Participant: 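Quick one: the structure is below, and I'll ask about it shortly.
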Amino acid sequence: MTNPSLLILAGDGIGPEVMAEVKKVIGWYGSRRGLNFDISEDLVGGCAYDKHGTPLHDDTMAKAQAADAVLLGAVGGPKYDNLDFSVKPERGLLRLRKEMDLFSNLRPAQCFDALADFSSLKREVVAGLDIMIVRELTSGVYFGEPRGIFVEGNERVGINTQRYTESEIARVARSAFELARRRNNKVCSMEKANVMESGILWREVVQKVHDEEYPDVALSHMYADAGAMQLCRWPKQFDVIVTDNLFGDLLSDCAAMLTGSLGMLPSASLGAPMANGRPKALYEPVHGSAPDIAGQGKANPIACILSFAMALRYSFDQGAEADRLEKAVEKVLADGARTADLMGPEGGTPISTSQMGDTIVAALEASL
Ligand code: IPM
Ligand code: MG
């Protein structure tokens with residue numbers, strides 16, 4: 001038996017720092033749980049641009065296609081702000097999502113009890129929160145044609161196109177219904193069917209997939225603006241939210257903040273099953289490259305570590321080990337371990353990125 005392969009793309013900013021802590025966790029699973037991976041590393045984003053003049057080299061793209069799972073840190077930074085749009089660091093990430101056809105982006109928002117007071121919302125609104133946003137990731141306005149900046153008469157016009165086919169909607173809806181069955185069996189679909197034809201189609205197709213294949217799951221529909229409001233008002237009404245690429249981008253940042261810090265949220269981007277039965281998969285923290293704190297040992301590695309937990313669960317069929325890792329994170333937070341982003345108004349002394357990684361590995365060890 002060969003080990004499953006893992007391609008690590010640490011990327012820019014705090015990416016390499018948080019990924020260093022994930023590597024400690026991976027090392028622990030190898031030595032203590034016999035879970036070994038064939039790991040290779042490569043460049044994505046600004047660092048790839050610096051070396052190759054492109055944010056994602058074709059060789060890296062090929063490696064990602066062949067890997068059992070890809071683990072990504074973060075891309076981007078002010079140094080790259082003035083690059084041509086086609087070679088911006090973000091284009092590397094978008095190319096991975098598109099060419100691997102990672103249509104289903106899982107963004108869980110879970111509020112750890114120890115952090116309930118860090119949310120900008122009241123404790124009772126967020127304590128115990130556990131919702132899953134399923135964001136369509138390979139279509140919609142992010143990729144629709146025509147797009148560009150064109151000249152029309154004596155001025156320019158910027159154009160992007162929101163476009164969804166029935167099959168694109170149906171497949172992400174199925175993935176939301178499947179997840180809901182393993183959770184609290186509720187899906188809320190969000191679009192703007194009141195103003196967008198693509199929203200009307202979205203609603204129809206989600207309803208049809210539900211009626212024909214998942215009648216046991218409770219389905220509701222909401223306009224995405226009302227959904228944003230409800231997420232802030234009473235987020236616990238939701239279990240799984242399924243929505244398009246752009247609304248999912250916005251709603252997931254909003255949901256992230258409910259949990260207290262963007263430094264806590266992992267994500268999984270899943271595609272169709274490969275020949276070995278595993279889905280095409282990329283795991284990444286929801287936070288960005290945070291250039292303002294990069295290189296200072298201040299970053300919170302938890303989102304990236306929890307992204308690896310999602311890899312254990314969704315790519316490697318190691319649900320129990322994923323639970324172990326999530327419990328280890330919960331434990332260190334309950335014991336008071338805090339990186340700088342988790343400093344409440346009462347203050348205290350933050351620990352470094354690397355100390356947080358070590359503390360989590362110690363908690364894993366203590367779980368045996
Ligand atoms: C995200 C990010 C990306 C997106 C950027 C970095 C391209 O905001 O993953 O949510 O807009 O999808
Ligand atoms: Mg975003």
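Here the structure is a predicted model, which is why all the values come from computation and not from measurement. Order of appearance sets the numbers: ligands from 1, and atoms from 1 within every ligand.
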Participant: Evaluate Tyr142 for polar contact with ligand 1, using N/O atom pairs at a separation under 3.5 Å.
Facilitator: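 Yes; at least one N/O pair falls below 3.5 Å.
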Participant: Could you check if a side-chain atom of Leu251 sits within less than 4.5 angstrom of a side-chain atom of Met190, using non-hydrogen atoms only?
Facilitator: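 Leu251 reaches Met190 side chain to side chain.
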Participant: Which N, O or S atoms belonging to the protein are less than 2.8 Å from the Mg ion (ligand 2)?
Facilitator: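 Short answer, with waters excluded from the count: Asp249 OD1.
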Participant: With a 4.0 Å cut-off on heavy atoms, is Arg97 touching ligand 1?
Facilitator: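 Flag set, Arg97 near ligand 1.
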Participant: Based purely on interatomic distance, does Asp249 place a nitrogen or oxygen under 3.5 Å from a nitrogen or oxygen of ligand 1?
Facilitator: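 Min N/O separation from ligand 1 is below 3.5 Å for Asp249.
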Participant: Are any of the side-chain heavy atoms of Asn300 and Met264 separated by less than 4.5 Å?
Facilitator: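 Side chain of Asn300 against side chain of Met264, heavy atoms only: contact under 4.5 Å found.
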Participant: Before giving the answer on salt bridge (charged side-chain N to carboxylate O under 4.0 Å, His left out), spell out for Glu284 and Arg107 the whole-Å C-alpha distance, their side-chain angles and the decisive distance to 0.1 Å.
Facilitator: CA-CA 10 Å; Glu284 57 174 320; Arg107 299 191 161 189; 5.0 Å; no
Participant: Under 4.5 Å between any side-chain heavy atoms of Val134 and Leu179, yes or no?
Facilitator: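 Yes; the side chains approach each other to less than 4.5 Å.
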Participant: Can His287 be said to touch ligand 1, with heavy atoms closer than 4.0 Å?
Facilitator: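 No, that is not the case, since the closest heavy atom of the residue is not under 4.0 Å from the ligand.
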Participant: Please tell me whether Phe316 and Phe37 form a close aromatic pair, meaning their ring centres lie under 6.0 Å apart.
Facilitator: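 Judged by ring-centre distance (under 6.0 Å), Phe316 and Phe37 do meet the cut-off.
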Participant: Tell me, yes or no, whether the heavy-atom count around Asp216 atom CG, taken from other residues, nucleotides or ligands under 6.0 Å, exceeds 12.
Facilitator: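 For Asp216, atom CG is crowded (more than 12 foreign heavy atoms under 6.0 Å).
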Participant: Show, in sequence, the C-alpha distance, side-chain angles and deciding distance for Lys208 and Glu212, and conclude whether the salt bridge (charged side-chain N to carboxylate O under 4.0 Å, His left out) test is met.
Facilitator: CA-CA 6 Å; Lys208 181 161 182 279; Glu212 290 177 1; 3.7 Å; yes
Participant: Given Glu90, Arg135, Lys88, which one has a non-hydrogen atom that is nearest to atom 7 (C) of ligand 1?
Facilitator: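 The residue whose heavy atom sits nearest atom 7 (C) of ligand 1 is Glu90.
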Participant: Any heavy-atom pair between the side chains of Lys192 and Phe247 that's under 4.5 Å?
Facilitator: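 Counting from C-beta outward, Phe247 and Lys192 do come under 4.5 Å.
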Participant: With heavy atoms under 4.0 Å as the rule, classify the contact between Arg107 and ligand 1 as side chain, backbone, both or neither.
Facilitator: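 Contact part for Arg107 vs ligand 1: side chain (C-beta onward).
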Participant: Please lay out, stage by stage, how Asp84 and Lys88 fare under the test salt bridge (charged side-chain N to carboxylate O under 4.0 Å, His left out).
Facilitator: CA-CA 6 Å; Asp84 185 73; Lys88 276 195 185 296; over 6 Å; no
